[in-house]
Amino acid sequence: MTLTEIYRKRGVEVVLRCDVIMFPDVKLYWKIRKKNSKLQELASYTPGGEVLQSSKGNLYNFQVKVLPQKKVTMFDLVFITDQEKTFSEYVCETEGDIYPGTHRSIAIHKLR
């Protein structure tokens, strides 16, 4: 797993993208880890289905774009860094039968 660190000011929009090969169907997850805590699921998506969100309120929006000709699914996590809890670690994970799982971790830090 590779951790990418990003620094943003408070009150800006952040778009995190998880893009994976979608064939055969792969389930995608966006998860969050706040300081010193376990990963908690924010949302999941299976190509051809709907985004299933956990009960984290309306802080986070999710957008899906499928490029069938390239067999790629893009699952974006969109939010504004207007609350302290948005400065956290976000993890994109996949689950599938043939392709190895993806695990990308992006930490958003407050730019002072």
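Side chains are part of it too, since the values below use all heavy atoms of this structure and drop only hydrogens, waters and symmetry mates.
The closest side-chain heavy-atom distance from His109 to Glu5 is below 4.5 Å. When side chains are defined from C-beta on, Val14 counts as touching Arg8, because their heavy atoms get closer than 4.5 Å. The shortest side-chain heavy-atom distance between Ile108 and Tyr90 falls under the 4.5 Å cut-off. Contact annotation: the side chain of Phe75 never approaches that of Cys92 to less than 4.5 Å [non-hydrogen atoms, C-beta and beyond].
Closest approach of Thr81 to Arg10, counting heavy atoms only: O-CG, 3.2 Å. The shortest heavy-atom contact between Glu13 and Val15 is OE1-CG2, 4.1 Å. Here the shortest heavy-atom pairing between Lys31 and Glu41 reads CG-CA, 3.9 Å. The minimum heavy-atom distance between Tyr45 and Val66, with the atom names listed, is OH-CG2, 3.9 Å.
In this pair, Phe79 and Tyr60 present their aromatic rings perpendicular. The plane angle is above 60°, beyond the 30 to 60° band.
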Exercise. Do Glu93 and Lys27 pass the salt bridge (Lys or Arg N to Asp or Glu O under 4.0 Å) test, and can you show the C-alpha distance, the side-chain angles, and the key distance before you say yes or no?
Worked result: CA-CA 8 Å; Glu93 291 183 336; Lys27 190 168 187 177; over 6 Å; no

Problem set entry | Worked verdict on Lys34 versus Glu89 for salt bridge (Lys or Arg N to Asp or Glu O under 4.0 Å) | CA-CA 6 Å; Lys34 296 175 187 155; Glu89 179 184 353; over 6 Å; no

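Of the residues Leu16, Thr94, Asp19, Leu3, the one that meets the side chain to side chain contact (heavy atoms under 4.5 Å, CB included) test with Arg104 is Asp19.
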